[in-house]
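Notes for the one structure printed next.
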Amino acid sequence: MEESDHVARRWEDLDIDILVKIFQSFDIIELTSGIATVCTSWRMACCDPLLWRTLDLSMMKSNFIKIPLEPYVYVDARSDKTLNHLLKTSLSLSQGNIMTLIFHFNLYVSDDLLTYTAERCPRLRRLVMPAWNRIKKTGICKAIRIWQDLESLTMPSIANPPYLLEEIANNCKNFSELKVMGPFDNFFAATIITYLPKIRVLSLRCSMLVKDTLISILDDLRNLEVLNISHCLLIEIPPPPAPRRIMRELDQCILDKASRLREFLTCMKDSCIMCQRTRNDEGLMRWYKYEEGVWKADEVSSLSL
């Protein structure tokens, strides 16, 4: 029998473009599991910018228990170790090319790790934050100063918004999209009007929202193009002694003011499951108890990142 002329090619001899195409089908766990250490070619493919425009950690949740004192959660050490390893490996392979960073709401990130992350993905344009429990004012402000290209932020509600929004206003000149889930009061609205008057997209889905606050947003954010109040618990507070009431539909005054917007997204249907959940939760939507994608998903399409 004649010896075959066919010579099998080794995996490491594949063209880099082909390896990148294969690696694009891998999730973040597989990408950081050690394939970059196989050989030089695989390492080069693992560092390709096409793999790292988005770092989506929304499948990762911390193993935690609630406690009565700050930060109100205790995170298991092994859970922290897993996050540290995965995040640091990802940031090393990405080589500063990450433009979208998505955390799960219940992935409890520390100040130090947030700063470490910011320093290694300085070109970030979109951020979906986790819960605030282990993130302090100093940590988020330091990160915002690094993320000068930031355009879009998805975040839980915050008790003291001025320091964060002022930091964004001072450092992120292209910032245009804010998405908040949770209670949203007149103070929060006034802070946005003060520090981010040119914002173009505002999403308050699944929030508790007072009618007067909504009117302030429509009156004072003159550059606003898109407003999402889908699944909100909309409250009207009449003069005393009349009690507050839940609005079941938008009145003509609001519809007239919103008519100037390019998009005004609403949903107040009794048949809508998310609307039912918001009412049952009294505006404190418990994202982690429902579909995993609720936190990062939005009816408003994100910026073209």
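Below, all heavy atoms of this structure are taken into account, side chains as well, without hydrogens, waters or symmetry copies. By convention here, the first residue in the shown sequence is residue 1.
Qualifying ring-ring contact (aromatic ring centres under 6.0 Å, His included) partners for Phe26, counting only residues two or more places apart in sequence or in other chains: Phe23. Taking the ring-ring contact (aromatic ring centres under 6.0 Å, His included) definition, one finds that Phe184 meets it with Phe188, sequence neighbours left out. Contacts of Gln276 classified as side chain to side chain contact (heavy atoms under 4.5 Å, CB included), with partners at least two apart in sequence or in another chain: none. Remark: Arg260 pairs with no residue by the side-chain hydrogen bond (donor to acceptor under 3.5 Å, both in side chains) rule, at least two apart or across chains. Every residue meeting the side chain to side chain contact (heavy atoms under 4.5 Å, CB included) condition with Asp111, not counting sequence neighbours, appears here in chain and number order: Ile135, Lys136, Thr138. Listed by chain and number, the residues in a ring-ring contact (aromatic ring centres under 6.0 Å, His included) with Phe175 amount to none (sequence neighbours excluded). When the ring-ring contact (aromatic ring centres under 6.0 Å, His included) test is applied to Phe264, no partner is found at least two apart in sequence or on another chain.
Note on residues 46-65: pairs passing ring-ring contact (aromatic ring centres under 6.0 Å, His included), not counting sequence neighbours, are Phe64-Tyr108. Within the structure, every pair that satisfies the salt bridge (Lys or Arg N to Asp or Glu O under 4.0 Å) test and touches residues 211-224, not counting sequence neighbours, is listed here: Lys211-Glu236, Lys211-Asp251, Asp219-Lys257. Screening residues 23-35 for side-chain hydrogen bond (donor to acceptor under 3.5 Å, both in side chains), with sequence neighbours left out, gives no hits. A ring-ring contact (aromatic ring centres under 6.0 Å, His included) check over residues 205-225, counting only residues at least two apart or in different chains, returns nothing. Sequence neighbours left out, the pairs with a member in residues 73-91 that pass salt bridge (Lys or Arg N to Asp or Glu O under 4.0 Å) are Asp76-Arg78, Asp80-Arg134.
Of all heavy-atom pairs between Lys269 and Cys275, the closest is O-CB, 3.5 Å. Contact record, Thr213 with Ala189: CG2-CB, 3.5 Å, taken as the closest heavy-atom pair. Contact detail for Ser207 and Val180: the closest heavy-atom pair is OG-O, 3.3 Å. The nearest pair of heavy atoms linking Pro162 to Phe187 is CG-CZ, 3.6 Å. Counting all heavy atoms, side chain and backbone alike, Ser41 lies closest to Ile16 at O-CD1, 3.5 Å. Nearest heavy-atom pair across Ile35 and Cys46 is CG1-SG, 3.6 Å.
Rounding to the nearest 0.5 Å gives a distance of 5.0 Å between NZ of Lys61 and NE2 of His104. For the atom pair CE of Met268 and NE2 of His231, the computed distance is 12.0 Å after rounding to the nearest 0.5 Å. How far CD of Glu177 is from CG of Leu196: 12.5 Å, rounded to the nearest 0.5 Å. Between the NZ atom of Lys137 and the CD1 atom of Ile158 there is a distance of 10.0 Å, given to the nearest 0.5 Å. How far OG1 of Thr54 is from CZ of Arg125: 10.5 Å, rounded to the nearest 0.5 Å. Asp15 contributes atom CG, which lies 14.5 Å from atom NZ of Lys21 (distance to the nearest 0.5 angstrom).
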Review point. Should Phe103 and Met60 be marked as a side-chain contact (heavy atoms from CB on, under 4.5 Å) after you check the CA-CA gap, both sets of side-chain angles, and the distance that decides it?
Key: CA-CA 8 Å; Phe103 291 109; Met60 288 193 67; over 6 Å; no

Practice item. Please report the C-alpha distance between Ser110 and Asp112 in whole Å, then the side-chain angles of each, then the deciding distance to 0.1 Å, and finally whether the side-chain hydrogen bond (donor to acceptor under 3.5 Å, both in side chains) criterion is met. Key: CA-CA 5 Å; Ser110 66; Asp112 290 344; 5.5 Å; no

Exercise for review: Begin with the C-alpha distance, continue with both residues' side-chain angles, and end with the deciding distance and a verdict on side-chain contact (heavy atoms from CB on, under 4.5 Å) for Asn97 and Arg53.
Suggested key: CA-CA 6 Å; Asn97 288 304; Arg53 287 176 64 86; over 6 Å; no

**Study point:** Derivation and outcome, side-chain hydrogen bond (donor to acceptor under 3.5 Å, both in side chains), residues Ser58 and Asp56
**Key:** CA-CA 6 Å; Ser58 61; Asp56 188 347; 2.6 Å; yes

Point to revise | Check against side-chain contact (heavy atoms from CB on, under 4.5 Å), Leu153 and Met129 | key: CA-CA 7 Å; Leu153 174 64; Met129 285 189 65; 3.7 Å; yes

Review point. Are Leu224 and Leu261 close enough, and set up right, to give a side-chain contact (heavy atoms from CB on, under 4.5 Å), and what steps lead you there?
Key: CA-CA 7 Å; Leu224 197 64; Leu261 301 175; 4.1 Å; yes

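Using a 4.5 Å heavy-atom cutoff, the side chains of Thr82 and Asn63 are not in contact. Leu265 is not listed as a side-chain neighbour of Leu227, based on a closest heavy-atom distance of 4.5 Å or more. Using a 4.5 Å heavy-atom threshold, the side chains of Leu87 and Thr89 count as separate. In this structure the side chain of Leu124 never reaches within 4.5 angstrom of the side chain of Thr100, judged on heavy atoms. Counting heavy atoms from C-beta on, the side chains of Ser176 and Val201 never come closer than 4.5 Å. With contacts defined as side-chain heavy-atom distances shorter than 4.5 Å, the pair Leu250/Thr266 qualifies. Residues Arg279 and Leu233 have side chains in contact (heavy-atom distance under 4.5 Å, counting atoms from C-beta outward). Put simply, the side chain of Ile102 does not reach to within 4.5 Å of the side chain of Leu55, judged on heavy atoms.
Following chains of ILVMFWY side-chain contacts shorter than 4.5 Å, one cannot reach Leu57 starting from Val73, and the two form parts of different hydrophobic clusters. Taking hydrophobic clusters as Ile, Leu, Val, Met, Phe, Trp and Tyr residues chained together by side-chain heavy-atom distances below 4.5 Å, Leu113 does not share a cluster with Tyr74. Tyr72 and Val109 fall into different hydrophobic clusters, where Ile, Leu, Val, Met, Phe, Trp and Tyr are joined by side-chain heavy atoms under 4.5 Å apart, directly or via other members. Residues Val75 and Met59 fall into different hydrophobic clusters, defined by Ile, Leu, Val, Met, Phe, Trp and Tyr side chains chained together at heavy-atom separations under 4.5 Å. When hydrophobic clusters are built by joining Ile, Leu, Val, Met, Phe, Trp and Tyr residues whose side-chain heavy atoms come closer than 4.5 Å, directly or via intermediates, Ile18 is grouped together with Leu31.
Side chain of Asn174 to backbone of Asp149: no donor-acceptor contact under 3.5 angstrom is found. A donor-acceptor pair is defined here as one N or O able to donate and one able to accept, closer than 3.5 Å; no such pair exists between the side chain of Thr278 and the backbone of Cys232. Remark: the backbone N or O of Cys121 is paired with a side-chain donor or acceptor of Trp147 at under 3.5 angstrom.
If you run side-chain hydrogen bond (donor to acceptor under 3.5 Å, both in side chains) between Asn228 and each of Glu299, Arg205, Glu263, Lys179, only Glu299 comes through.
Comment: Arg248 engages Asp270 in a salt bridge, judged by a side-chain N to carboxylate O separation of less than 4.0 angstrom. With respect to Arg126 and Glu151, no salt bridge is recorded, no charged nitrogen being found less than 4.0 Å from a carboxylate O.
In this structure, Lys173 places its NZ atom where more than 12 heavy-atom neighbours from other residues, nucleotides or ligands lie under 6.0 Å away.
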